[in-house]
Amino acid sequence: MGAIRFDNVGRIYGTKQDGFEALKGVNLDIADREFMAVVGPSGCGKTTCLRFVAGFDQPTSGIVSVDGVQVTKPGPDRAVVFQQFALMPWKTVCENIELGLRNKGVPKAERIKKVNDILALMSLTSYADAFPHQLSGGMQQRVSIARAYVLDPEVLLMDEPFGALDAQTRVVMQEELVRLARRNPRTVMFITHAVEEAVYLADRVAIMARQPGRVKEIIDIRSVREAERWDDHEKIEDVMDLESFVHLRTQIWRSLRQEKAMEIA
Ligand SMILES: Nc1ncnc2c1ncn2[C@@H]1O[C@H](COP(=O)(O)OP(=O)(O)OP(=O)(O)O)[C@@H](O)[C@H]1O
Ligand SMILES: [Mg+2]
């Protein structure tokens, strides 16, 4: 359940004759319940790829599928967390989080319990009745993450979800996401510019290149994490100090820097 496949995917914006080739020959397999981080230079097509899986957009060539079924539209099996929070301004925090459950037809008593649980988890309980404009950016982002988690979807699509958070809140959210992901694994496609974040969170990291956008390298994190017992360390900074962590981070940095160098040359 929840296995994602990109099969020779391309996307041309504009006309086929006179268009911009944003993606070409993207191949990527994200296994059921695997946490895949995607990194790459700005404009390489990360968001475009995520939108295909969400069903908001379609490739101009190739196929994107979930569990072997071609994606043609959004569905309740896939939830998206955007960089921009996209909350409904006229609804309270509680109502924003509840909306998806309502649309799924979850009975009221169960909705209330689920919403209360996730509010507590995200330290938002005292803001349940606030409106989005009364919250800071970091709090709004927690609401938008809560809104996705509460649906317990098979596939979680996250586009730089922590980009707008302050450094401390970001660490709390990262540790929380790791706890959630280990306790209740879901298939996750997680876009980020932060290499440390990718290494800390993911089972594998896909590195994209641009012009045209494609997946150029995949780095396995999970085997190292398990062999080196990263999960024995509770705090993110302790994990980030480990030699095995630093090694992977450097490897990804080098690969990204190579892209940048090619761009400038
Ligand atoms: N609707 C559109 N019309 C034309 N070009 C587009 C459209 N959407 C995206 N593009 C182009 O496709 C390329 C990939 O865009 P995309 O937003 O997927 O990049 P990204 O990797 O998410 O970048 P960033 O890291 O800055 O968010 C970019 O060159 C962008 O200009
Ligand atoms: Mg993007």
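Just so you know, residue 1 is the first one in the sequence shown, and it goes up from there. Computed from a predicted model, the values in this text were never measured in an experiment. Note that ligands are numbered from 1 as they come in the structure, with each ligand's atoms numbered from 1 the same way.
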Given Lys46, which of Val38, Val39, Thr192 fulfils the side-chain contact (heavy atoms from CB on, under 4.5 Å) condition? Val38
Partner of Leu248 by side-chain contact (heavy atoms from CB on, under 4.5 Å), out of Leu242, Val205, Val224: Val224
Should Arg186 and Asp152 be marked as a salt bridge (Lys or Arg N to Asp or Glu O under 4.0 Å) after you check the CA-CA gap, both sets of side-chain angles, and the distance that decides it? CA-CA 8 Å; Arg186 290 286 166 238; Asp152 200 13; 3.0 Å; yes
Are any N, O or S atoms from Thr47 nearer to the Mg ion (ligand 2) than 2.8 Å? yes
Would you sort out whether Thr15 and Asp18 count as a side-chain hydrogen bond (donor to acceptor under 3.5 Å, both in side chains), showing the intermediate values? CA-CA 5 Å; Thr15 62; Asp18 183 23; 4.9 Å; no
Would you call the rings of Phe82 and Phe56 parallel, tilted or perpendicular, where under 30° means parallel and over 60° means perpendicular? parallel
Polar contacts were defined as any N/O atom of the residue lying under 3.5 Å from an N/O atom of the ligand; does this apply to Gly40 and ligand 1? no
Heavy-atom nearest neighbour in the protein, as seen from atom 31 (O) of ligand 1, with distance rounded to 0.1 Å: Phe20 CE2, 4.7 Å
Of all protein heavy atoms, the one nearest atom 14 (C) of ligand 1 is Gly43 O, 3.4 Å
Short list, please: which atoms of ligand 1 are under 4.0 Å from a heavy atom of Ala22? 12 (O), 13 (C)
Proximal ligand 1 atoms for His193, defined as those under 4.0 Å from one of its heavy atoms: 25 (O)
Top protein contact for atom 4 (C) of ligand 1, by heavy-atom distance: Tyr13 CG, 3.4 Å
Starting from atom 15 (O) of ligand 1, which protein heavy atom do you reach first, and at what distance in Å? Thr48 OG1, 3.7 Å
Out of Val38, Val39, Thr47, the nearest non-hydrogen contact to atom 17 (O) of ligand 1 is supplied by Thr47
Distance-only, no hydrogens or angles: does the Thr60 side chain make a donor-acceptor pair with backbone N or O of Ile12 under 3.5 Å? yes
Look at atom 26 (O) of ligand 1 and say which protein heavy atom is nearest, naming residue and atom and giving the distance to 0.1 Å. Ser42 OG, 2.6 Å
Quick look: Glu160 vs ligand 1, heavy-atom contacts under 4.0 Å, and the answer is side chain
Cation-pi check for Tyr13 against Arg11: NZ or CZ below 6.0 Å from the six-membered ring centre and within 45 degrees of the axis, yes or no? yes
For Gly45, the ligand 1 atoms whose distance to one of its heavy atoms is below 4.0 Å: 14 (C), 16 (P), 18 (O), 19 (O), 20 (P), 21 (O)
Heavy atoms only: give me the nearest Arg33-Thr187 pair and the separation to one decimal. N-OG1, 2.8 Å
